[in-house]
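One structure is given here, and the rest of the page talks about it.
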Amino acid sequence: MPRYNPAEIEPKWQAYWEKNKTFRCPDFPDPQGKGKLYVLDMFPYPSGAGLHVGHPEGYTATDIYCRYWRMQGKTVLHPMGYDAFGLPAEEYAIRTNTPPRQSTEANIANFTRQLKMLGFSYDWDRALATTDVEYFRWTQWIFLVLFDTWYDPDLQKGRPISQLPIPEAVAVLGDEAIASYQDRHRLAYQDDALVNWCPALGTVLANEEVIDGRSERGDHPVQRIPLRQWMLRITAYADRLLGDLELLDWSAGIKKLQADWIGKSTGAEVDFRIVKQDQASCPEESIRVYTTRPDTLFGATYLVVAPEHPLVAKITPDAYAAQVKEYCEAASFKSDRDRTEADKQKTGVFTGAYAINPTTQQPIPIWVADYVLGNYGTGAIMAVPAHDVRDHEFALKYRLPIVRVVEPLDATLEELEKIRSGEICFAGEGIAVSSGELDGLRTKDAKAKVIASLEQQGLGREAVNYKLRDWLFSRQRFWGEPFPILHELGPDGTPNGQIRAVPVADLPVDLPHLEDYKPHGRPEPPLGKADASWLYVELDGKKYRRETNTMPQWAGSCWYYLRFISPRCTEAFVDREQEAAWMPVDLYIGGAEHAVLHLLYARFWHKVLYDRGYVSHPEPFQKLVNQGMILSYAYKDHRGALVPVDLVQEDDQGAVKHTQTGEELQRIVAKMSKALKNVVDPEGVVREYGADALRLYEMFMGPLEATKPWSMQGVNGVRNFLDRVWRLVVDSRSEDLKLSEAVQDIPAGAEHDRVVHSTIAAVTQDIENLSFNTAIARMMEFVNHFTKESVRPKSAMENLTLMLAPFAPHLAEELWRILGHDDSLAYAPWPEADQEKLKIASVEVPIQVNGKVRAKIVMPVGIDKQHAQSLALDNERVAELLAGKEITKVVIIPGKMVNFVIKS
RNA sequence: GUCGCUGUGGCGAAAUGGCAGACGCAUUGGACUUAAAAUCCAAGGACCCGUGAUAGGGUCGUGUGGGUUCGACUCCCACCAGCGACACCA
């Protein structure tokens with residue numbers, strides 16, 4: 001085998017690693033080693049389409065990192081698994097008439113085959129899928145932990161429900177009342193929620209799965225209907241989820257995304273007394289609003305309540321009832337997203353009722369408008385049209401008064417004029433005016449003063465709000481984890497409202513066999529069609545019906561990183577000691593599309609488990625890196641329409657033309673898509689160029705976090721590099737496999753040593769910084785250097801092989817063998833850069849005049865400033881330029897540059 | 001609309017206060033070959049001056065405009081473009 005042939009050596013080494021369990025990870029980190037390292041990829045959803053080039057990007061990065069640290073002596077946990085529940089699998093199953101478990105397992109087998117083909121150093125013995133019954137047994141168990149936990153706001157901690165203090169008033173009502181009180185406080189609770197129900201898909205959808213009132217998948221109409229749903233009380237943890245971001249080594253961008261999603265705001269709740277009117281029999285005294293700008297209270301000229309607000313009907317006088325009712329009903333049919341469409345004109349209706357502004361004592365009208373959301377704050381606002389753009393827009397449309405109470409600190413006269421005339425609205429901070437006792441105060445001080453005064457009068461208080469909502473956790477689908485919950489049946493055989501957990505000993509609750517799990521257009525979950533033997537349970541003499549909702553796809557991915565630590569543990573969801581030894585995850589790499597939801601949900605579950613004493617760290621993922629998207633070239637015609645790549649041809653001049661119209665096209669970068677025929681299949685790349693070339697190319701394209709376009713010529717380029725490495729070491733003309741004659745077991749000279757050790761230093765640094773593209777460039781320089789040498793020290797070739805091993809492991813193993821080593825190099829010590837051998841005697845230093853390079857002089861390393869200056873002045877050209885000029889300043893950075901500043 | 005990221009040769013990129021364009025692709029020239037492929041060696045930002053040809057020298061150049069600095073791709077301000085996320089949260 002004289003030539004580099006990845007098709008032969010790659011399967012050979014993959015078989016070797018598998019047979020020798022080279023990457024098996026021990027239960028505990030080696031106490032003699034250099035510590036533990038837990039490196040995790042976001043596990044894939046095993047779609048029928050197989051691996052996409054985007055998958056190996058992150059996986060190669062983590063693989064390089066793991067292989068490097070193994071060579072540095074760390075014990076590395078590096079697992080892989082599958083997030084396999086979910087709607088696409090179920091849809092596919094319905095379409096092809098195969099059971100979802102069967103198609104899911106086939107897809108997993110295909111993914112595993114493709115991943116193994118790329119030579120990743122996973123411990124495959126730890127592989128798992130969220131659909132494994134033995135896995136979701138513990139997903140259900142964790143759900144029961146959530147069900148068994150309430151959040152104690154005083155201790156800021158989740159505690160067992162048995163420790164929830166029961167108020168005397170509840171206790172006297174008996175066991176049922178206590179149970180219902182407890183149920184209302186659990187982290188997993190049931191609630192009547194307005195959901196996005198899609199009859200065609202037969203399920204509720206998350207808000208992000210609904211676009212303009214239609215489903216993202218299939219474009220079916222979506223309705224808003226109230227349904228009894230399971231909710232998870234993530235809002236209880238909002239403050240900790242926000243505060244603990246500080247502990248994490250995540251990019252500022254991702255932290256900000258999460259912080260914005262949680263959306264903490266501080267302001268005040270203010271009570272507005274309702275003006276009693278003869279017609280309305282309103283028992284309530286006041287409406288409570290939430291505002292972040294209590295300092296603008298004097299400018300509140302009307303109130304707005306959400307259409308869902310419980311007081312709407314009570315405060316509306318009969319004369320207005322019909323139109324208010326009509327408006328509220330119309331609003332109830334709109335989705336949240338419809339209502340919040342920004343470019344939409346605001347609408348609203350006057351209720352006919354008035355409230356008293358507590359500062360001015362003036363009556364102000366109360367309106368209903370759907371720009372106020374029922375489920376944020378108190379569902380009601382005080383409108384300050386002079387200082388809030390939304391209120392301003394609404395006030396202009398309905399001709400409501402605008403009263404200016406804040407002046408900007410630094411505005412141009414022109415701006416000030418417009419603000420004073422009410423033409424534009426000023427929403428910033430400034431100085432209070434026309435606000436009685438607040439006049440002259442800065443916004444911050446005015447807020448404090450008005451809150452204090454409201455508190456004194458019992459009319460308001462400081463308040464905090466979050467955008468984050470509780471998590472709607474149930475789906476009406478077949479292919480998900482069943483809830484381990486039982487509904488007690490009354491004497492008439494229908495649920496009586498009492499619920500209980502399935503005893504832990506009875507877990508898992510497996511999915512029943514269903515002949516027909518297709519959607520039927522009604523919101524009852526498909527599991528309701530299960531046999532009575534599954535559906536009905538008798539326990540302690542009572543009859544129960546199982547909960548028939550299933551969990552959303554997010555559930556399984558909320559804790560898989562814990563199961564990887566002890567995947568076969570039968571006693572617990574994770575072995576306690578092993579958890580303490582391996583957690584937290586040291587490096588987590590995945591796509592930015594999971595920046596908010598997955599990472600927030602997983603952090604939430606982790607904190608609950610932490611509070612309940614099941615895990616040892618408050619946060620699961622210490623360092624997070626988002627790999628960039630891999631895009632493809634696409635072509636656009638004069639109209640801006642995209643042209644499929646098979647209709648594009650490049651001519652001799654390098655211009656791209658449409659093969660049919662001959663029109664010259666513009667090359668752009670776009671997402672890969674089947675329609676554009678520019679999807680790159682990783683398996684095809686492996687066949688043509690080899691797995692090592694694919695891995696190397698994905699890393700050489702550019703920085704890990706950047707989005708970058710795929711180029712087959714680039715793949716060819718790195719393959720060319722691997723060929724050069726091969727020829728550097730191996731005699732490619734010989735019939736049998738042997739070292740090149742240039743490779744000799746001789747000591748390296750000073751020049752060779754410098755190249756070797758500077759490469760080691762650079763590559764080591766680059767790997768630790770995840771800067772793989774520059775690490776590869778350094779190895780290319782190394783190869784370019786030694787290719788020119790007719791004698792290549794064997795030790796230098798060994799160092800190169802070791803450095804290349806994390807990137808191109810198959811080739812490196814093969815070269816290692818040819819260099820005379822019997823073992824795999826997976827655990828060979830990483831080469832160390834010898835600082836002594838990096839030292840050089842002299843450097844070339846640029847000499848600048850007024851910042852422009854005018855000469856270059858070789859100077860000894862470590863020269864002092866004075867000598868550097870005189871050497872520079874000795875230079876003929878420099879002397880010439882400085883002749884007769886006055887030198888005003890000389891800047892000298894020894895070893896870097898000398899700059900003479902002269903008067904011109 | 002708001003927020004974030006990105007803007008550097010023909011292309012992917014490097015350098016993140018000190019010689020802009022490392023490394024790779026594509027291109028061009030040379031060696032090898034009967035020839036081609038492969039391989040190896042070499043050249044290369046643009047423009048100008050200079051020379052028989054070299055050598056050599058100059059000006060400009062990192063999206064645009066301004067600023068800080070002896071010195072800016074790098075830091076600051078404003079703007080433009082592309083991509084992405086969020087979107088009436090009071």
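As the structure is a computational prediction, the values presented were derived from the model and not from experiment.
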For a quick check of understanding: with a heavy-atom distance under 4.0 Å over all strands, which category does [X] fall into, base, sugar-phosphate or nothing?
X        : answer
A/Glu705 : nothing
A/Thr888 : nothing
A/Phe394 : nothing
A/Arg667 : sugar-phosphate
A/Asp391 : nothing
A/Ser711 : nothing
A/Asn773 : sugar-phosphate
A/Arg719 : nothing

What interatomic distance, in whole Å, is found between [atom1] of [M] and the corresponding atom of [N]?
N     : M     : atom1 : value
B/G12 : B/G66 : C1'   : 32 Å
B/C83 : B/U27 : C1'   : 30 Å
B/A14 : B/G7  : C1'   : 16 Å
B/G67 : B/A72 : P     : 12 Å
B/G63 : B/A81 : C1'   : 7 Å

Phosphate oxygens OP1/OP2 of B/C23: is one of them under 4.0 Å from a side-chain N or O of A/Asn784?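 Answer is no, no contact under 4.0 Å.
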
Under 4.0 Å: is that the gap between some side-chain N or O of A/Lys256 and OP1 or OP2 of B/C5?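 For B/C5, OP1/OP2 do not have a side-chain N/O of A/Lys256 under 4.0 Å.
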
Cationic tip of A/Arg667 within the cone over A/Tyr633's six-membered ring, i.e. under 6.0 Å and within 45° of the normal?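 Judged by the rule (NZ or CZ under 6.0 Å from the ring centre, within 45° of its axis), A/Arg667 counts as positioned above A/Tyr633.
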
What orientation do A/His594 and A/His598 show, parallel under 30°, tilted 30 to 60°, or perpendicular over 60°?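 Rings of A/His594 and A/His598: perpendicular, as their planes differ by over 60°.
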
Please check if the number of heavy atoms outside A/Lys397 that lie under 6.0 Å from its NZ is greater than 12.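 Counting other residues, nucleotides and ligands, NZ of A/Lys397 exceeds 12 neighbours.
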
Nearest listed nucleotide, side chain of A/Pro703, among B/C25, B/A13, B/C40: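 Per side-chain heavy atoms of A/Pro703, the pick is B/A13.
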
Quick check: does any side chain N or O of A/Asp295 sit under 3.5 Å from a backbone N or O of A/Val450, one acting as donor and the other as acceptor?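 Here the side-chain-to-backbone pair does not exist.
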
Quick one: do the A/Ser265 and A/Asn465 side chains pair a donor with an acceptor below 3.5 Å?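 Checked: A/Ser265/A/Asn465 side chains show no N/O donor-acceptor pair below 3.5 Å.
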
